[in-house]
Amino acid sequence: MTEMIERVEFFLADRGIYMLTFVMLAIGIYGMVVCSSYMKKLMCMNILQVSIIFFFLTFGQKEGSTLPVAVSQTVEAEQYINPLPHALMLTAIVVSLGVTGVGLALLMKIRDIYGTIEEDEITGKGGGR
């Protein structure tokens, strides 16, 4: 029994970050497909974006590496972490915030026009307008 617990702890410590990313991705996709409220769809889209950013950042890490900054001792290039994924994901975070802001503005306009943000009521499938 203790061996099984040790194996599970090793798996979660070693691969758990990928499972968390996969679960967040699944929640985001499921919510985008199933939810009828546009606000919930926007929130699930944000969860989806965070999971993708998280996925790229975890692949940007190397065990036993250091940051690419000037250090006192000489370090070979293989021992540095590549800063490109982090820079790209910083840009993705800014774009994600912009998309969220535009999405919220559109939701406010949709609510002003239709009086609701429920997809079924707007399209006429739910017995609304």
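Nothing fancy with the numbering, it's 1 onward along the sequence. Atom set for the values below is all heavy atoms of this structure, side chains included, hydrogens, waters and symmetry mates excluded.
There is no path of hydrophobic side-chain contacts, each under 4.5 Å, that joins Phe22 to Val50. Note: the hydrophobic cluster containing Tyr114 also contains Leu42 (ILVMFWY, side chain heavy atoms under 4.5 Å, direct or indirect links). A chain of hydrophobic side-chain contacts below 4.5 Å, direct or via other Ile, Leu, Val, Met, Phe, Trp or Tyr residues, connects Leu57 to Leu84. One hydrophobic cluster holds both Ile110 and Ile113 under the rule that ILVMFWY side chains link at heavy-atom gaps under 4.5 Å.
Every residue was checked against the side chain to side chain donor-acceptor pair (under 3.5 Å) condition with Ser37, not counting sequence neighbours, and none meets it. Qualifying side-chain contact (heavy atoms from CB on, under 4.5 Å) partners for Phe56, counting only residues two or more places apart in sequence or in other chains: Ile52, Met89. The side-chain contact (heavy atoms from CB on, under 4.5 Å) search around Ser36 returns Glu118, Asp120, not counting sequence neighbours. Legend: residues meeting side-chain contact (heavy atoms from CB on, under 4.5 Å) with Leu20, ordered by chain and number and at least two apart, are Met24, Phe54. With sequence neighbours excluded, the residues forming a side chain to side chain donor-acceptor pair (under 3.5 Å) with Ser96 are Gln49, listed by chain and number. In this view, Tyr18 and Arg15, Thr58, Phe59 satisfy the side-chain contact (heavy atoms from CB on, under 4.5 Å) rule, not counting sequence neighbours.
The minimum heavy-atom distance between Cys44 and Gly31, with the atom names listed, is SG-CA, 3.3 Å.
Counting heavy atoms from C-beta outward, Thr116 and Arg111 have side chains that stay 4.5 Å or more apart.
Once rounded to the nearest 0.5 Å, the distance linking CG of Leu107 with OH of Tyr38 reads 9.0 Å. Between the CD1 atom of Ile93 and the CG atom of Leu88 there is a distance of 11.5 Å, given to the nearest 0.5 Å. Rounding to the nearest 0.5 Å places CG of Leu25 at 5.5 Å from CG of Leu48. To the nearest 0.5 Å, the span separating CD1 on Ile29 from OG on Ser51 amounts to 7.5 Å.
Here salt bridge (charged side-chain N to carboxylate O under 4.0 Å, His left out) pairs that include residues 83-103, with residues two or more places apart or in two chains, number zero. The list of salt bridge (charged side-chain N to carboxylate O under 4.0 Å, His left out) pairs with a residue in residues 45-54, not counting sequence neighbours, is empty. Residue pairs meeting the side chain to side chain donor-acceptor pair (under 3.5 Å) criterion with at least one member in residues 19-32: none, sequence neighbours excluded. Residue pairs that meet the salt bridge (charged side-chain N to carboxylate O under 4.0 Å, His left out) test with at least one member in residues 37-60, sequence neighbours left out, are Lys41-Glu119. Among residues at least two apart or in separate chains, there is no salt bridge (charged side-chain N to carboxylate O under 4.0 Å, His left out) pair with a member in residues 100-109.
Val102 belongs to a hydrophobic cluster whose other members, connected by ILVMFWY side-chain contacts under 4.5 Å either directly or through intermediates, are Leu106.
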